2 protein chains.
Amino acid sequence: MRTPPHPAQDELELPQVLHALSDPVRLEIVRALDGASELACSCLGAPVSKSTLSHHLKVLRDAGITWTRAEGTQRLVSLRTDDLEACFPGLLRSVLSGLGRGVARQVV
Amino acid sequence: MRTPPHPAQDELELPQVLHALSDPVRLEIVRALDGASELACSCLGAPVSKSTLSHHLKVLRDAGITWTRAEGTQRLVSLRTDDLEACFPGLLRSVLSGLGRGVARQVV
DNA sequence: GAGAGGGTTCGAAAGCCTTCGAACCAGGAT
DNA sequence: ATCCTGGTTCGAAGGCTTTCGAACCCTCTC
């Protein structure tokens with residue numbers, strides 16, 4: 001299983017990043033990744049099917065929000081905190097802190 | 001011309017706000033509003049038709065990002081900076097500062 | 001080599017988004 | 001009253017999103 005392609009830091013686009021973050025399922029994934037260094041897809045606990053989860057992870061990866069690397073039989077996902085901070089200072093932190101407030105209820 | 005409905009501060013939803021900000025045309029509108037206290041729709045200079053502009057302004061308004069009030073024959077739009085800051089501290093600022101970097105080229 | 005586990009890809013369905021022009025509405029000016 | 005101006009609403013077209021199950025691919029283990 002090869003490591004999938006990722007955009008370079010200077011290729012990150014604000015609209016794409018914001019769009020990737022505008023979905024409740026993906027926000028939940030980002031929240032799960034925050035604080036954890038790396039997580040396997042199966043540890044994200046998203047309430048969707050395997051194929052849908054794979055799709056959401058691809059959206060996050062293509063937007064430059066997460067990094068995915070192959071590790072044996074599974075894939076480990078982590079936040080590209082530093083790259084995001086370099087391109088859009090403060091954005092990820094403000095999104096993550098805003099997440100606490102009244103998002104959980106609609107992630108059902 | 002009546003003032004259209006706006007969501008209350010405690011009704012703002014993060015995914016909706018991020019989605020509203022994920023469109024290049026709307027980001028351009030937000031940038032134009034930043035720094036100006038109030039602008040008429042026609043002063044926003046968005047490269048779209050009247051009806052499309054009206055639609056984008058509605059999306060921003062419904063997400064709680066802008067405030068629209070009737071003033072004679074026209075409508076004045078402004079950013080709800082304080083409400084956004086109260087709900088999602090730092091978000092608007094980080095988006096606006098990230099806007100400078102490489103967004104203009106794709107707003108064609 | 002055969003299997004099992006973890007993810008991806010394919011194809012399809014349903015819904016939402018963006019965009020436009022045409023028609024409309026409301027205030028102000030003539 | 002009539003018209004002009006600035007915006008909204010309607011209806012429609014086209015594209016993109018989200019979602020799923022089925023089939024597939026890798027890698028590790030037996």
Side-chain angles (χ1 to χ4, degrees), chain A residues 1-6 13 15-30 32-33 36 38-63 65-78 103 106-108, chain B residues 1-6 13 15-30 32-33 36 38-63 65-78 103 106-108:
Chain A
M1 210 173 256
R2 275 187 304 286
T3 292
H6 294 75
E13 302 280 0
Q16 201 184 349
V17 168
L18 292 173
H19 173 250
L21 292 173
S22 73
D23 181 284
V25 174
R26 290 193 290 263
L27 275 178
E28 198 54 38
I29 292 173
V30 169
L33 288 173
E38 280 185 317
L39 285 181
C41 302
S42 51
C43 295
L44 295 171
V48 292
S49 70
K50 278 201 310 182
S51 50
T52 303
L53 176 58
S54 189
H55 162 72
H56 283 307
L57 288 173
K58 177 169 163 52
V59 172
L60 289 170
R61 188 170 62 235
D62 289 350
I65 294 170
T66 58
W67 186 271
T68 303
R69 74 182 178 91
E71 174 66 37
T73 179
Q74 50 187 14
R75 293 185 158 204
L76 297 179
V77 184
S78 53
V103 165
Q106 65 175 336
V107 174
V108 176
Chain B
M1 211 172 256
R2 276 188 303 286
T3 291
H6 294 75
E13 302 279 0
Q16 201 183 348
V17 168
L18 293 173
H19 172 249
L21 292 173
S22 72
D23 181 284
V25 174
R26 291 194 289 265
L27 274 178
E28 199 54 38
I29 293 173
V30 169
L33 289 172
E38 278 185 318
L39 286 180
C41 302
S42 49
C43 296
L44 295 171
V48 290
S49 71
K50 279 203 309 184
S51 51
T52 302
L53 176 59
S54 189
H55 162 71
H56 283 307
L57 288 172
K58 179 169 161 52
V59 171
L60 288 170
R61 188 169 63 236
D62 289 350
I65 294 170
T66 59
W67 186 271
T68 303
R69 75 183 177 91
E71 174 66 36
T73 178
Q74 51 187 13
R75 294 186 156 202
L76 298 179
V77 184
S78 54
V103 165
Q106 67 177 330
V107 174
V108 179

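Small disclaimer: the values here were computed from a predicted structure and weren't measured. Proteins get letters first, then strands, A, B, ... in listed order; numbering begins at 1 in each. Side chains included, hydrogens not; waters and symmetry mates left out as well; all remaining heavy atoms used.
A straight line from CD of Glu28(B) to P of dT18(C) spans 16 Å, rounded to a whole angstrom. Between Asp23(A) atom CG and dG15(C) atom P there is a gap of 17 Å when expressed in whole angstrom units. If you take CD1 of Ile29(A) and C1' of dT19(D), they are 14 Å apart, rounded to a whole angstrom. Leu76(A) has its CG atom 15 Å from the C1' atom of dG5(C), to the nearest Å. Protein atom CG of Leu57(B) is 14 Å distant from nucleotide atom C1' of dT9(D), rounded to whole Å. Leu27(B) has its CG atom 16 Å from the P atom of dC17(C), to the nearest Å. Residue Leu21(A) contributes atom CG, which lies 12 Å from atom P of dT18(D) at whole-angstrom precision. Leu53(A) places its CG atom 9 Å from the C1' atom of dG7(C), with the value rounded to the nearest Å.
Checked by atom type and distance alone, the side chain of Gln16(B) pairs as donor or acceptor with a backbone atom of Asp62(B) at under 3.5 Å. Between the side chain of His56(A) and the backbone N or O of Ser54(A), no donor-acceptor pair lies under 3.5 Å. Looking only at distances, a side-chain donor or acceptor of His6(B) sits under 3.5 Å from a matching main-chain atom of Thr68(B). Panel note: side chain Gln74(A), backbone Leu39(A); no donor-acceptor pair is recorded below 3.5 Å.
Of the listed nucleotides (dT19(C), dG6(D), dT18(D)), dG6(D) has the atom at the smallest distance from the side chain of Gln74(B). Closest approach to the Ser51(A) side chain among dG6(C), dG21(D), dC10(D) is made by dG21(D) (side chain taken as heavy atoms from C-beta onward). Distance from the side chain of Ser54(A) is smallest for dT8(C) among the nucleotides dG21(D), dT8(C), dT8(D).
Of the side-chain N and O atoms in Thr73(A), none sit less than 4.0 angstrom from OP1 or OP2 of dC28(D). Regarding contacts with the backbone of dC10(D), every side-chain N or O of His55(B) stays at 4.0 angstrom or more from both OP1 and OP2. Contact check, Ser49(A) against dC20(D): a side-chain N or O comes under 4.0 Å of OP1 or OP2. For dT18(C), the OP1/OP2 oxygens have a side-chain nitrogen or oxygen of Arg26(B) closer than 4.0 Å. Within the 4.0 Å cut-off from OP1 or OP2 of dG7(D), at least one side-chain nitrogen or oxygen of Ser42(B) is found. A sub-4.0 Å separation between OP1 or OP2 of dG6(C) and a side-chain N or O of Arg75(A) is absent. The side chain of Thr52(A) places an N or O atom within less than 4.0 Å of a non-bridging phosphate oxygen (OP1 or OP2) of dC20(D). For the pair His56(B) and dT19(C), the criterion of a side-chain N or O lying under 4.0 Å from OP1 or OP2 is met.
Residue Val59(A) is out of contact with every strand shown, counting any heavy-atom pair closer than 4.0 Å.
Both Ala40(B) and Glu71(A) lie near DNA chain D, and the one whose nearest nucleotide falls closer to the 5' end is Ala40(B).
Taking 4.0 Å as the cut-off between side-chain N and carboxylate O, Glu28(A) and Arg26(A) do not count as a salt-bridged pair.
Across Val25(B) and Ala46(B), no two heavy atoms sit closer than the pair CG1-CB, 4.3 Å.
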